[in-house]
Amino acid sequence: MSSLQHIAKHPTISLVETCKCLREIKQIHTQLLINGLLNNPHHQGHFVASIALKHPNNLDYSNKILDQCDNPTLFALNTMIRAHSKSTNPQKSFHFYNNILQSSTKLSPDNYTFTFLVRTCAQILACETGLTVHATVIKHGFEHDPHVQSGLVFMYAEFGLLSSSMRVFAEISEPDMVTQTAMIAACAKSGDVVFARYLFDRMPHRDLIAWNAMIAGYTQCGQSLKALNLFHLMQLEGVRVNEVSMVSALSACTHLGALDQGRWAHAYIEKNRIRITVTLGTALVDMYAKCGDMNKAMEVFWEMKEKNVYTWSAAMNGLAMNGFGEKCLELFSVMKQEGVEPNEVTFVSLLRGCSVVGLVEEGRMHFESMRKVYGIEPQLEHYGCMVDLYGRAGRLDEAFDFMNNMVVKPHAGAWGALLNACKIHKNMELGELASRKLVELDAKNHGAYVLLSNIYADSKNWNRVSNVRETMKVKGVRKVPGCSVIEVNGEVHEFCVGDRSHPKFAEIEVKMEEMSKRLKLSGYVTNTNPVLFDIEEEEKEDALGLHSEKIAIAFGLFSLQESVPIRIVKNLRVCWDCHVVTIMISKIYNREIIVRDRNRFHHFKDGECSCKGYW
DNA sequence: TTAGGGTTAG
């Protein structure tokens, strides 16, 4: 009894802390009630709050207790708003906010209330409500509270309203470090990483989270090299990194395909005993998978004690990208056995796995199970995967039928998949239709025009080839410049189309001439027809064979030891010509070449490619 | 007795 009295007088957190489950809490609750120890609203409030904080994923019980209270305290209601803002049902926060407004004891919301409420609005993207809450904040005079301010900056960024975040931020005379960091993250989220860096450079003090926000900002904006450089600068400045920094660093390595740097990061994590959380583990799996070391990816995967749906989806996607379709399907079975619920992303990985090895029936079955078994409505991506699945397997009519029977209107991705299949299986008629649709939906899609012209060229229909070319000029279609990245001794080298800026370009040129000669001796005929054209200025580069992956291969041939595979990451799809050339080079030079393009991995060895033409 | 900023899969 005396211990219960003690607990009722003092924070009941300690009591709730000792409970392993809600059942124990309920028992204690009953005892406290019987002994009249919860008559004091403050004790009651505190008891509820500690339950809500201890069991954020099961708020029903604390909700029930609070709803039975006659006069809940502001403290208790604030805590409930906070707990719900982070829960799966943030909407419920408003219920407790209304309790404050309508309380018989005339409670008035305070700075805590608004800090939590703003978070709820951000969480559920309640844009209009968020604006109302902001107005109420001003009405109550809390707009100068730093916690509320950083919350508003965050909230507007979540809404995609960077200018509103900016406006809030600009009105703060001396923003503190937390608010500055929120602003950096907000800029990065909207793609304005330059302004984020401007703010970062002017921060009087930068802690670990500020560094992490800036590094993540570069990663999110696709500026992976800058992310890695900043990560290294952080270490030079003696800031201790944590698992969040490592996730961003790994993510940068993943995008670059920088396996050596990624391996170094992994070693660094182990050496510094950085805790491998689910997120960090998933980042490691994804890095190894997307850098082409699938064995290591799976090794890390199986070593992870805790995995979530992100981890499983990343591993499955890796297997699909690397061409291990059957293994991808097997992993899906294991995942289900382990009781992990798949989501829509898991199915994208799964369908890709089916596609890459031509498992049409399995793919169709899984696609249908999405809605029937898992209650997941297929999205455009899934439809695109199905078209790809039929198309690659050469079942073009079925692909087309599938598109005609889609619940939603086929999007550019689906037509693109069909067009690609038409190119592979040389179906000019359907290809023409697909590309017309693609151009309608996405008039600036360079790939659509190139694929269409390739289809015409395959059937030697040169008039049409030049028509396509004319249309491109008229519509001002421009290609995203192709860039390839290669890593040599842990250093990342980036080459773009026709890029001569590399310090070793003279050596590269010599190597390319040699490659060209040896290719010709092996029977390679340079493309002299106007087929695989790009646009104007790039045409000249093409004549010299200056596609970025060719430059990178040339550089790799003389920079890397013969036993080391040449690993290249390209931002676009490998072009058909480069694919042919790379197959030949792998034989002529007896080198293993691994190219990751936008879609998948190509392992070139002994004059063959792992994609077996399902390019 | 309740605060605010940084991280993963398509």
| message | Does anything in residues 148-157 of chain A form a side-chain hydrogen bond (donor to acceptor under 3.5 Å, both in side chains)? List the pairs, not counting sequence neighbours. | response | H134(A)-Y156(A)

| request: Mind checking M316(A) for me? I need base, sugar-phosphate or nothing, with any heavy atom below 4.0 Å counting as a touch. | output: nothing

| query | Using a cut-off of 4.0 Å on non-hydrogen atoms, how would the nucleic acid contact of A185(A) be classed: base, sugar-phosphate, or nothing? | reply | sugar-phosphate

| request: Round to a whole Å and report the spacing from CH2 of W312(A) to C1' of dA9(B). | output: 14 Å

| Starting at CZ of F114(A) and ending at P of dG4(B), how long is that distance when rounded to a whole Å? | 17 Å

| remark: Separation of dG10(B) atom C1' from R596(A) atom CZ, nearest Å, is 14 Å

| query | Side chain of N111(A), base of dA3(B): donor and acceptor closer than 3.5 Å? | reply | yes

| said: By the ring pair (Phe, Tyr, Trp, His ring centres under 6.0 Å) test, which pairs, at least two apart or in different chains, include something from residues 209-239 of chain A? | reply: F200(A)-W211(A), H232(A)-W264(A)

| Across the strands shown, which category fits A49(A) at heavy-atom distances under 4.0 angstrom: base, sugar-phosphate, nothing? | nothing

| query | Rounded to the nearest Å, what distance is computed from the NE2 atom of residue H255(A) to the C1' atom of nucleotide dT8(B)? | reply | 11 Å

| query | Do the side-chain N and O atoms of H95(A) and D67(A) include a donor-acceptor pair separated by under 3.5 angstrom? | reply | yes

| message | Is the phosphate of dT2(B) approached by R82(A) (side-chain N or O, under 4.0 Å from OP1 or OP2)? | response | no

| message | Suppose we call a contact any N or O donor and acceptor under 3.5 Å apart; does that hold for the side chain of T115(A) and the base of dG4(B)? | response | no

| Does dA3(B) have H147(A) stacked on its base, where the ring centres are within less than 5.5 Å and the planes differ by under 30°? | yes

| According to the interplanar angle, ranging from 0 to 90°, do the rings of F402(A) and Y390(A) count as parallel (below 30°), tilted (30 to 60°) or perpendicular (above 60°)? | tilted

| request: Give a yes/no on whether any side-chain N or O of N317(A) is located under 4.0 angstrom from OP1 or OP2 of dA9(B). | output: no

| said: So Q379(A), base contact, sugar-phosphate only, or nothing? Heavy-atom distance under 4.0 Å. | reply: base

| query | Which residues, if any, of residues 152-175 of chain A bring a heavy atom under 4.0 Å of DNA chain B? | reply | F154(A)

| Between K86(A) and dT2(B), is there a side-chain N or O to OP1/OP2 distance below 4.0 Å? | no

| request: For T277(A), report the nucleic acid contact type (base, sugar-phosphate, nothing); a contact means any heavy atom under 4.0 Å. | output: nothing

| query | For Q180(A), which contact category applies under a 4.0 Å heavy-atom criterion: base, sugar-phosphate, or nothing? | reply | nothing

| task | Evaluate side chain to side chain contact (heavy atoms under 4.5 Å, CB included) for E243(A) paired with I276(A), printing each intermediate quantity in order. | result | CA-CA 7 Å; E243(A) 73 275 8; I276(A) 300 197; over 6 Å; no

| task | Check every strand shown and say whether I215(A) touches a base, only sugar-phosphate, or nothing at a heavy-atom separation below 4.0 Å. | result | nothing

| query | With a 3.5 Å cut-off and just heavy-atom distances, do the side chain of N308(A) and the base of dA9(B) make a donor-acceptor pair? | reply | no

| message | Regarding S349(A), tell me which of base, sugar-phosphate or nothing describes its non-hydrogen contacts under 4.0 Å with the strands shown. | response | nothing

| task | Assign D286(A) to base, sugar-phosphate, or nothing according to its heavy-atom contacts below 4.0 angstrom with the strands shown. | result | sugar-phosphate

| request: Could you tell me whether the side-chain ring of F75(A) sits stacked on the base of dT1(B), using a centroid cut-off under 5.5 Å and a plane angle under 30°? | output: no

| said: Under a 3.5 Å cutoff, is there a donor and acceptor pairing between the side chains of D286(A) and T254(A)? | reply: no

| message | What is the separation between atom CG on D176(A) and atom P on dA3(B), rounded to the nearest whole Å? | response | 17 Å

| said: Tell me if the aromatic rings of Y198(A) and F195(A) count as close, with their centers under 6.0 Å from one another. | reply: yes

| said: How about CZ on R275(A), more than 12 heavy atoms from neighbouring residues, nucleotides or ligands closer than 6.0 Å, or not? | reply: no

| query | Between Q220(A) and dT7(B), is there a side-chain N or O to OP1/OP2 distance below 4.0 Å? | reply | yes

